[in-house]
Enquirer: 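Have a look at this one.
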Amino acid sequence: MQRVCFLLKVRPDRIAEYRARHADVWPEMRAALTATGWRNYSLFLREDGLLVGYLETEDFDRARAAMDATDVNARWQAEMGPLFAPMDGARPDEAMKPLTEVFHLA
């Protein structure tokens with residue numbers, strides 16, 4: 001199982017909206033994440049907009065590609081994209097660059 005952690009930045013003026021949207025994630029989005037191999041997926045948001053994501057999956061590249069192929073992901077990314085600080089034209093799911101793990105206590 002691959003553990004993946006990534007950072008993104010939510011626009012400070014959109015934090016309340018980001019929180020509200022994630023309080024009620026679409027059921028079809030949840031189902032697509034599960035079906036494409038995203039497990040134990042968590043998002044943590046700091047007050048200044050720093051977003052930390054964590055998930056477990058067999059293969060992150062494959063799981064991300066499978067999500068990219070879904071219609072629900074395209075709709076979700078289109079709605080969520082404006083809530084993030086500029087990412088050089090990338091969608092939020094494209095800007096998720098895994099951090100290098102340097103320590104793990106099992």
Side-chain angles (χ1 to χ4, degrees):
M1 186 67 66
Q2 184 180 4
R3 293 190 321 268
V4 177
C5 184
F6 61 87
L7 303 174
L8 293 173
K9 180 75 171 161
V10 177
R11 294 168 47 122
D13 60 325
R14 306 297 291 271
I15 290 173
E17 183 178 357
Y18 185 89
R19 287 183 189 277
R21 289 188 183 210
H22 281 82
D24 191 26
V25 174
W26 306 334
E28 62 268 33
M29 184 63 170
R30 290 174 174 265
L33 287 163
T34 299
T36 57
W38 298 59
R39 304 284 182 266
N40 202 22
Y41 186 24
S42 297
L43 296 170
F44 301 88
L45 184 60
R46 201 166 68 181
E47 292 305 316
D48 66 355
L50 178 66
L51 181 74
V52 178
Y54 173 84
L55 66 116
E56 297 170 353
T57 186
E58 292 298 324
D59 182 321
F60 184 55
D61 291 333
R62 186 173 66 221
R64 188 160 42 176
M67 273 305 290
D68 192 43
T70 67
D71 176 64
V72 68
N73 187 61
R75 290 186 287 120
W76 182 263
Q77 296 305 319
E79 288 200 17
M80 297 305 293
L83 305 183
F84 287 89
M87 297 175 279
D88 297 325
R91 295 185 325 242
D93 62 336
E94 296 169 330
M96 297 164 61
K97 305 294 184 210
L99 300 174
T100 301
E101 183 175 306
V102 295
F103 176 77
H104 174 74
L105 177 65

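Throughout, residue positions are numbered sequentially from 1 according to the sequence presented. Quick caveat: nothing in here was measured; it's all calculated off a predicted structure.
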Enquirer: Under a 4.5 Å cut-off applied to non-hydrogen side-chain atoms, are Met80 and Arg91 in contact?
Expert: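 Side chain of Met80 against side chain of Arg91, heavy atoms only: no contact under 4.5 Å found.
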
Enquirer: List in chain and number order the residues that pass side-chain hydrogen bond (donor to acceptor under 3.5 Å, both in side chains) with Asp24, two or more places apart in sequence or in another chain; answer none if no residue qualifies.
Expert: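 Residues passing side-chain hydrogen bond (donor to acceptor under 3.5 Å, both in side chains) with Asp24: none at all.
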
Enquirer: Is the closest basic N to carboxylate O distance between Arg75 and Asp71 below 4.0 Å?
Expert: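 Salt bridge: yes.
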
Enquirer: Starting from the C-alpha separation in whole Å, work towards a yes-or-no answer on side-chain contact (heavy atoms from CB on, under 4.5 Å) for Thr57 and Trp38.
Expert: CA-CA 5 Å; Thr57 186; Trp38 298 59; 5.6 Å; no

Enquirer: Treating Ile, Leu, Val, Met, Phe, Trp and Tyr as nodes and any side-chain heavy-atom pair under 4.5 angstrom as an edge, say whether Phe44 and Leu50 lie in one connected cluster.
Expert: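 In one cluster: yes.
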
Enquirer: State whether Arg62 and Glu58 are salt-bridged, where the test is any N-O pair (Lys NZ or Arg NE/NH1/NH2 against Asp/Glu carboxylate O) under 4.0 Å.
Expert: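 A salt bridge is absent here (no side-chain N lies under 4.0 Å from a carboxylate O).
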
Enquirer: Can you tell me how the ring of Tyr41 sits relative to the ring of Phe6, calling it parallel under 30°, perpendicular over 60° and tilted otherwise?
Expert: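 Rings of Tyr41 and Phe6: tilted, 30 to 60°.
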
Enquirer: Can you tell me if Thr34 uses its side chain to pair, donor with acceptor, with the backbone of Arg30 under 3.5 Å?
Expert: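 Indeed, once roles are kept as given, a pair shorter than 3.5 Å links the two residues.
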
Enquirer: Between Leu45 and Tyr18, is any pair of side-chain heavy atoms under 4.5 Å apart?
Expert: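 Side chain of Leu45 against side chain of Tyr18, heavy atoms only: contact under 4.5 Å found.
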
Enquirer: Compare all side-chain heavy atoms of Phe84 with those of Lys9 and state whether any distance is below 4.5 angstrom.
Expert: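 When only atoms from C-beta onward are counted, Lys9 and Phe84 do not touch, as no gap falls below 4.5 Å.
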
Enquirer: Which atom pair, heavy atoms only, marks the closest approach of Asn73 to Met29?
Expert: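 Scanning both residues, the minimum pair turns out to be OD1-CE, 3.5 Å.
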
Enquirer: Can you confirm whether Glu101 sits close enough to Cys5 that some side-chain heavy atom of one is under 4.5 Å from a side-chain heavy atom of the other?
Expert: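 Of all side-chain heavy-atom pairs linking Cys5 with Glu101, none is under 4.5 Å.
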
Enquirer: Linking I/L/V/M/F/W/Y whenever their side-chain heavy atoms sit closer than 4.5 Å, directly or via other members, would Leu43 and Leu99 fall into one cluster?
Expert: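 No, Leu43 and Leu99 fall in different hydrophobic clusters.
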
Enquirer: Where is the tightest heavy-atom contact between Glu94 and Arg64, given as atom of each residue plus distance?
Expert: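 Nearest pair, atom of Glu94 first, then Arg64: O-NH1, 4.0 Å.
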
Enquirer: Working to the nearest 0.5 Å, report the span between CG of Asp59 and OG1 of Thr36.
Expert: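 Asp59 CG to Thr36 OG1: 11.5 Å, rounded to 0.5 Å.
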
Enquirer: Check Met96 against Leu55 and note the closest heavy-atom contact, atom names and distance.
Expert: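 Answer, listing the atom of Met96 first, then Leu55: CE-CD2, 4.5 Å.
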
Enquirer: Please determine whether a side-chain nitrogen of the Lys or Arg among Arg14 and Glu79 lies less than 4.0 Å from a carboxylate oxygen of the Asp or Glu.
Expert: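 No.
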
Enquirer: For a 4.5 angstrom cut-off between non-hydrogen side-chain atoms, does Asn40 reach Met1?
Expert: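 SC-SC contact between Asn40 and Met1 ruled out.
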
Enquirer: Quick check: is Val25 connected to Leu83 through a chain of hydrophobic side chains (ILVMFWY, heavy atoms under 4.5 Å apart)?
Expert: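 The answer is yes; both residues are in one hydrophobic cluster.
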
